[in-house]
Amino acid sequence: MIKLGIMASGRGSNAEAIFQACRDGRLAARGAIVVSNVANAGVHEVARRFKIPSLHISRDQFKNGDEFADILIRTFQSYRVDLILLAGYMRKVPSALLKEWDHAVLNIHPALLPKHGGKGMHGLRVHQAVIESGEWCTGVTVHFVDEEYDHGSALLQVGGIPVLKDDTAEILAARVLEIEHQTYPKAVQLWIEMRNKYQKA
Ligand code: GRF
């Protein structure tokens with residue numbers, strides 16, 4: 001069974017959708033550990049409900065970035081994590097971790113990348129940008145994480161979420177979030193199936 005490590009900074013609704021999919025058997029995986037850079041983030045409560053350990057680990061607890069990366073890597077190794085999922089994680093992931101989990105760190109973004117992504121494009125700002133662009137549709141992107149924000153290649157992208165005339169960023173965010181919750185577990189299941197089928201013996 002694939003073991004998941006979650007990194008999140010906020011309320012944790014995507015983490016919850018993942019754990020629920022594991023529980024329901026839609027996802028052939030199990031949550032192993034949650035790491036948050038925020039001590040009182042909602043994701044800790046989500047983890048508690050699903051009986052998954054959660055830790056507060058942030059860059060400012062360490063003298064330098066190398067020590068931080070080292071602790072993160074050792075934490076995920078100690079829980080034998082196969083796949084790391086960013087779910088509203090608001091910081092850059094250390095390069096050393098990306099090297100260790102090559103093509104095994106995913107992120108979800110609430111728009112159709114490469115549009116409306118990059119540094120500073122998070123939360124309501126993303127949806128505000130979509131509304132201002134005048135586009136009719138938005139979507140969700142699950143992508144491989146690389147050294148740049150919202151930049152790695154897509155694993156699964158779902159478009160066709162309508163942008164309606166009277167939408168505010170909040171209303172659009174809620175519509176997109178529902179699709180995020182459906183899409184992230186599907187993307188993870190796809191990653192697992194491809195890995196099982198094609199990984200070298
Ligand atoms: C989601 O919209 C996700 O796409 C983005 O951050 C938000 C996290 O929300 N990366 P939650 O903490 O999963 O509820």
Side-chain angles (χ1 to χ4, degrees), residues 4-23 26-27 29 31 33-50 52 54-58 83-93 97-98 105-131 135 137-163 167-188 190-191:
L4 305 174
I6 305 274
M7 298 182 80
S9 306
R11 71 196 153 183
S13 72
N14 276 287
E16 180 171 8
I18 294 283
F19 298 149
Q20 192 59 50
C22 293
R23 190 177 268 180
R26 279 177 287 135
L27 194 43
I33 180 72
V34 171
V35 169
S36 179
N37 60 315
V38 178
N40 61 354
V43 74
H44 294 294
E45 178 51 35
V46 170
R48 253 194 301 280
R49 270 197 277 124
F50 283 86
I52 293 165
S54 74
L55 299 169
H56 170 219
I57 305 177
S58 80
L83 176 63
I84 296 171
L85 303 178
L86 310 192
Y89 184 66
M90 304 293 283
R91 293 277 185 278
K92 272 242 172 90
V93 176
L97 188 112
L98 295 176
V105 183
L106 303 177
N107 179 44
I108 186 159
H109 186 76
L112 294 171
L113 292 176
K115 286 190 278 191
H116 313 302
K119 196 168 167 35
M121 280 303 258
H122 52 76
L124 293 177
R125 285 192 215 166
V126 178
H127 304 291
Q128 194 56 46
V130 170
I131 290 169
E135 285 156 4
C137 284
T138 185
V140 166
T141 307
V142 176
H143 66 95
F144 293 96
V145 173
D146 67 9
E147 314 267 336
E148 289 173 51
Y149 283 110
D150 304 327
H151 181 265
S153 56
L155 169 62
L156 183 65
Q157 194 164 51
V158 174
I161 305 174
V163 180
D167 275 353
T168 59
E170 286 84 357
I171 291 171
L172 186 56
R175 192 176 304 130
V176 172
L177 190 64
E178 215 181 304
I179 307 300
E180 289 186 53
H181 296 162
Q182 296 168 15
T183 306
Y184 214 173
K186 284 183 192 157
V188 174
L190 181 64
W191 184 94

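Atoms within a ligand are numbered from 1 in the order they appear, just like the ligands themselves. No experiment lies behind these values; they were computed from the predicted model shown.
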Tell me if a side-chain donor or acceptor on [X] pairs with a main-chain N or O of [Y] at a distance below 3.5 Å.
X	Y	value
His109	Pro114	no
Ser36	Ala41	no
His56	Asn37	yes

Taking both backbone and side-chain atoms of Gly12, is any N or O found less than 3.5 Å from an N or O belonging to ligand 1? yes

Tell me whether Leu177 has any N or O atom under 3.5 angstrom from an N or O of ligand 1. no

In the protein, what heavy atom is nearest to [atom], and what distance, to one decimal place, separates them?
atom	answer
atom 8 (C) of ligand 1	Gly88 CA, 3.6 Å
atom 5 (C) of ligand 1	Ile108 O, 3.9 Å
atom 13 (O) of ligand 1	Asn14 N, 2.8 Å

Of the listed options (Arg11, Met90, Glu16), which comes nearest to atom 14 (O) of ligand 1 when hydrogens are ignored and any heavy atom counts? Arg11

Evaluating non-hydrogen atoms only, which member of Gly117, Ser13, Ala173, Gly123 is closest to atom 11 (P) of ligand 1? Ser13

Can you list the residues that meet the side-chain hydrogen bond (donor to acceptor under 3.5 Å, both in side chains) rule with Arg26, with sequence neighbours excluded? Asp24

Please, which pairs that meet salt bridge (Lys or Arg N to Asp or Glu O under 4.0 Å) have at least one residue in residues 141-154, sequence neighbours excluded? none

Heavy atom of Ala8 under 4.0 Å from ligand 1? no

Once you restrict to heavy atoms under 4.0 Å, what part of Glu180 touches ligand 1? Side chain, backbone, both or neither. side chain

Quick one: does Glu135's side chain get under 4.5 Å of Leu112's, heavy atoms only? no

Tell me the closest heavy-atom pair linking Pro110 and Val126, and the distance in Å. O-CG1, 3.8 Å

